[in-house]
Student: 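I have a structure I would like to understand better, so I am pasting it below and will then ask my questions one at a time.
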Amino acid sequence: MIFISTNRELQAQLDEISAMTCGNDDVTWHVVTHCGDKNAFSCRDNVLDITYLHKSYVFRVVGCVAAGKTSGEETSSFNRLGVMLDCSRNGVYTVDAIKRLIRYMAVAGYNFLQLYTEDLYKIDGEPYFGYMRGAYDKSDIKVLDSYAASFGVELVPCIQTLAHLGAIFRWKPYADLNDVNDILLVDDERTYELIDKMFASIAADFTTRNVNIGFDEAQHVGLGKYLDKHGYVDRHELLLRHLNKVVEIAAKYGFKVHMWSDMFYRLSNHGEYSVLNPVLPQKVIDGVPDVELCYWDYYNTDEAMYDAMMTSHEQFGKPLWFTCAAWTSQGFSPLNHYAIKTIVPAMKQVAKHGIENVLVALWGDNGHDCSYFSALPVLYAAKQYAEGNFDEESIKQGFAETFGLSYDDFMLLDAPNVTGDNVDYSKPYSSCKALLFSDPFLGWNDNAVANTFLPDYKQIAVEISLAGRRNKRYKYLFDNMVALCNALALKATLGVDTRKAYRENDRKALSKLQKRYIKTAKAVRKFKETLQAVWFADNKPFGWEIHEIRLGGLISRLENCAARIKDYVQGKENSIQELDIDVLPYGANKVDCNVYKALVSVSQL
């Protein structure tokens with residue numbers, strides 16, 4: 001499908017959009033646009049006539065026409081419907097990758113992109129802020145800001161002004177500003193000097209004057225260096241005092257502030273956030289300054305929880321935002337199915353409560369293992385849910401016609417996380433990462449592995465490989481999951497099988513296992529190669545070294561274990577001490593862990 005415009009800038013954008021949409025290539029549409037008092041379009045005699053309130057609607061219409069629609073009028077109840085892109089968990093998306101995401105967002109109907117950058121933006125006079133982490137420089141931000149605006153997408157900074165700043169505290173200039181964990185030292189003038197510089201930087205680089213100031217997950221605020229200096233202070237009062245100072249600095253630079261809301265709840269509900277009957281002290285409700293609150297919930301599949309929490313937030317009497325998650329944060333494979341199980345009930349309650357600002361978060365916890373583009377079905381579906389369309393078949397068809405990709409094939413990328421107790425994807429398990437990195441000799445979680453039905457990874461690899469051929473634009477994502485499944489086919493039960501053969505003194509079985517270790521190391525090496533292709537398709541090089549170290553370490557460990565088994569079988573060693581230890585039950589006894597250092601060893605790392 002070809003779209004033509006006499007406006008040169010629009011034509012360039014239409015060319016970029018056409019390259020990623022489907023539709024009949026024999027059809028040419030002459031696009032005529034008007035800024036007006038409504039969002040509406042019609043197709044007649046090969047003319048696509050678009051009236052728009054906001055420019056983003058123009059590209060949304062292109063997606064609609066690619067999907068087969070010939071007319072329509074859109075009355076959206078949303079002020080902003082956007083995506084939050086995590087750039088702070090080692091994976092820093094390149095400018096080109098973010099531009100690609102912006103195009104998908106525009107066609108799907110999003111108008112808002114938050115860049116989550118803890119220390120990943122440059123600040124004048126602060127050379128250690130984002131040092132060696134791939135921080136965006138001023139030119140990067142300005143290019144993205146202009147590009148996003150050309151597609152009707154508002155680019156917004158999402159920074160941290162209280163917690164989640166652990167990356168900077170390793171450097172001497174910031175060490176004295178660390179209260180405890182990853183939290184800034186409240187009530188210290190140097191803290192506010194740094195925060196002032198943060199706002200000066202984003203004010204110079206972003207056009208928008210909307211900002212997310214963070215403030216989430218700071219449960220231990222006031223309990224470290226602050227406690228040593230000042231003694232115990234009511235932490236609600238401490239939080240509100242700090243918030244007022246940050247809002248004052250933001251106002252100095254003309255920013256309108258929104259923030260994550262969880263700390264107001266955690267300090268009053270024993271550390272919990274989403275609860276059915278939350279406690280909120282009146283002094284907290286009355287003490288929150290001129291900010292908008294964002295309720296985030298990535299976990300619940302029950303409408304009752306969303307209803308309770310949204311009702312609770314209404315006590316503040318302030319505009320409410322909501323953020324759900326696309327679940328790209330739990331290992332190498334996405335959790336698209338689980339994301340949808342949480343977003344469907346959430347969006348129904350968003351509509352009920354009249355929430356006008358909604359975000360879908362793309363997080364990359366513990367090293368950014370998973371490409372955000374693997375969550376395209378969730379991004380498309382979430383927009384459909386926001387419009388009130390919950391029909392799965394029409395969503396699948398729309399995804400295919402709009403993006404030229406298969407919805408079901410992309411959902412298949414979830415398959416490496418399937419286990420017998422999670423066949424329906426009802427749990428946010430990171431099984432693939434747990435099975436890959438679990439040490440084959442130490443095997444602290446092998447009781448769970450032994451008692452869990454695992455799928456036929458070879459068969460899954462075949463299915464994903466075929467899916468990759470059908471979605472050539474993103475074949476590299478499918479190739480990566482194929483390599484992961486091939487590695488898991490050898491690695492998943494390697495520790496269980498090794499301990500069993502050793503305890504039974506079955507040296508013939510151990511000899512076979514020794515060869516399997518070598519094959520597993522080769523399979524992991526192949527997986528590392530395909531993961532590198534995924535990484536460099538999307539990310540700056542900074543942060544890749546962590547995967548190089550983790551996977552390279554796994555390869556080395558597998559080869560070393562093979563050598564030790566060989567020595568034992570040949571009688572050069574009398575025992576393998578790790579295998580002499582009984583494996584004790586661990587925690588919930590499930591095949592799920594996304595934290596690398598918790599998987600590879602119980603020793604210090």
Side-chain angles (χ1 to χ4, degrees), residues 1-3 13-14 16-27 29 31 39-43 48 50 52 54 56-78 81-83 100-112 151-153 324 326-327 334 336-337 339-344 346-348 350-351 358 360 362 372-414 467 470-474 477:
M1 191 167 288
I2 300 170
F3 297 91
Q13 294 166 319
L14 291 171
E16 289 185 291
I17 293 294
S18 296
M20 51 174 272
T21 57
C22 195
N24 188 343
D25 290 337
D26 295 330
V27 176
W29 293 105
V31 180
N39 286 328
F41 75 96
S42 62
C43 300
L48 171 55
I50 306 171
Y52 65 90
H54 191 279
S56 61
Y57 181 69
V58 173
F59 306 101
R60 169 70 178 133
V61 168
V62 171
C64 290
V65 173
K69 296 181 180 179
T70 57
S71 65
E73 184 169 341
E74 185 173 276
T75 304
S76 177
S77 59
F78 294 97
L81 185 63
V83 172
R100 181 162 32 117
L101 178 63
I102 288 169
R103 294 194 293 272
Y104 279 109
M105 288 173 56
V107 173
Y110 291 90
N111 64 4
F112 188 76
F151 282 89
V153 174
C324 53
W327 280 92
N336 288 307
H337 290 84
I340 284 171
K341 289 177 185 292
T342 64
I343 295 173
V344 167
M347 285 300 188
K348 289 178 180 179
V350 161
V358 174
V360 182
L362 294 166
Y372 298 141
F373 290 103
S374 64
L376 285 175
V378 175
L379 295 183
Y380 184 83
K383 176 60 168 70
Q384 295 298 306
Y385 302 151
E387 294 176 353
N389 176 22
F390 294 92
D391 183 75
E392 186 176 13
E393 289 307 313
S394 74
I395 290 171
K396 289 181 180 181
Q397 183 177 347
F399 181 85
E401 293 173 341
T402 303
F403 293 155
L405 301 167
S406 167
Y407 185 96
D408 285 336
D409 284 345
F410 265 73
M411 297 297 280
L412 190 58
L413 293 172
D414 292 13
R470 295 190 291 265
N471 299 269
K472 293 182 180 179
R473 195 187 320 159
Y474 283 99
L477 296 182

Student: Gly68 and Glu401: which non-hydrogen atoms are nearest, and at how many Å?
Tutor: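 Nearest pair, atom of Gly68 first, then Glu401: N-OE1, 4.3 Å.
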Student: Describe, in one word, how the ring planes of Phe403 and Tyr380 are oriented to each other, choosing from parallel (under 30°), tilted (30 to 60°) and perpendicular (over 60°).
Tutor: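 Rings of Phe403 and Tyr380: perpendicular, as their planes differ by over 60°.
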Student: What do the steps show when you test Met411 against Ile340 for side chain to side chain contact (heavy atoms under 4.5 Å, CB included), and what is the final call?
Tutor: CA-CA 11 Å; Met411 297 297 280; Ile340 284 171; 3.9 Å; yes
Student: Do Trp327 and Val378 have side-chain heavy atoms sitting under 4.5 Å apart?
Tutor: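 No - every pair of side-chain heavy atoms lies 4.5 Å or more apart.
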Student: So does Tyr57 get a backbone contact from the side chain of Asn111, meaning a donor-acceptor N/O pair under 3.5 Å?
Tutor: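 Checking the backbone N and O of Tyr57 against the side chain of Asn111, no donor-acceptor pair under 3.5 Å is found.
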Student: Taking all non-hydrogen atoms of both residues into account, name the closest pair between Ala386 and Phe78 and its distance.
Tutor: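 That would be O-CE1, 3.3 Å.
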Student: Would Gln384 and Phe399 count as a side chain to side chain contact (heavy atoms under 4.5 Å, CB included) here? Give the steps.
Tutor: CA-CA 10 Å; Gln384 295 298 306; Phe399 181 85; over 6 Å; no
Student: Please verify the inter-ring angle class for Tyr474 with Phe410; under 30° counts as parallel, over 60° as perpendicular, anything in between as tilted.
Tutor: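 It falls in the perpendicular class, over 60°.
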Student: Does a side-chain heavy-atom distance below 4.5 Å link Glu74 with Val61?
Tutor: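 No, every pair of side-chain atoms sits at 4.5 Å or beyond.
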Student: For the side chain of Asp414 and the backbone of His337, is there at least one donor-acceptor N/O pair under 3.5 Å apart?
Tutor: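 Present.
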Student: Find out whether Asn39 and Arg60 are in side-chain contact, i.e. whether some heavy atom of one side chain is under 4.5 Å from a heavy atom of the other.
Tutor: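 A side-chain contact under 4.5 Å is absent here.
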Student: Is there a side-chain contact between Val153 and Phe59 (heavy atoms, below 4.5 Å)?
Tutor: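 Side chain of Val153 against side chain of Phe59, heavy atoms only: no contact under 4.5 Å found.
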Student: Looking at every heavy atom in both Leu48 and Phe3, which two are closest together, and how far apart are they?
Tutor: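 Reported closest heavy-atom pair: CD2-CE2, 4.0 Å.
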Student: In Å, rounded to the nearest 0.5 Å, how long is the span from CE of Met20 to OH of Tyr104?
Tutor: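 Rounded to the nearest 0.5 Å, the CE-OH separation comes to 5.0 Å.
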Student: Any side-chain heavy atom of Val344 sitting closer than 4.5 Å to one from Tyr385?
Tutor: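 Yes, close enough: below the 4.5 Å cut-off.
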Student: Within the distance-only criterion (no hydrogens, no angle test), does the side chain of Asp409 pair as donor or acceptor with the backbone N or O of Leu405 below 3.5 angstrom?
Tutor: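 No; zero donor-acceptor contacts below 3.5 Å.
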Student: Looking at OG1 of Thr402 and CD1 of Ile395, how far apart are the two atoms once the value is rounded to the nearest 0.5 Å?
Tutor: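 If I round to the nearest 0.5 Å, the distance is 11.5 Å.
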Student: Looking at every heavy atom in both Asn336 and Ala375, which two are closest together, and how far apart are they?
Tutor: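 Heavy-atom minimum between the residues: OD1-CA, 3.4 Å.
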Student: Once rounded to the nearest 0.5 Å, what's the spacing between atom CG of Asn471 and atom CG of Leu376?
Tutor: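 Separation between the atoms: 10.5 Å.
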Student: For the atom pair CD1 (Ile50) and OG (Ser42), what is the distance rounded to the nearest 0.5 Å?
Tutor: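 It is 9.5 Å, given to the nearest 0.5 Å.
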Student: In Å, rounded to the nearest 0.5 Å, how long is the span from CE of Met347 to SG of Cys324?
Tutor: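 Here the rounded value is 4.5 Å.
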Student: For Tyr372 and Leu101: C-alpha separation, side-chain torsions, deciding distance, then whether side chain to side chain contact (heavy atoms under 4.5 Å, CB included) applies.
Tutor: CA-CA 9 Å; Tyr372 298 141; Leu101 178 63; 6.0 Å; no
Student: Report the distance from atom CD of Glu16 to atom CD1 of Ile102, rounding to the nearest 0.5 Å.
Tutor: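 Nearest 0.5 Å value for the CD-CD1 distance: 10.0 Å.
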Student: Which heavy-atom pair separates Val107 from Gly63 by the least distance, and what is that distance?
Tutor: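 Val107 and Gly63 have their closest heavy atoms at CG1-CA, 3.5 Å.
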Student: Determine whether Lys383 and Glu387 make a side-chain contact, defined as any pair of heavy atoms from C-beta on separated by less than 4.5 Å.
Tutor: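 Counting from C-beta outward, Lys383 and Glu387 do come under 4.5 Å.
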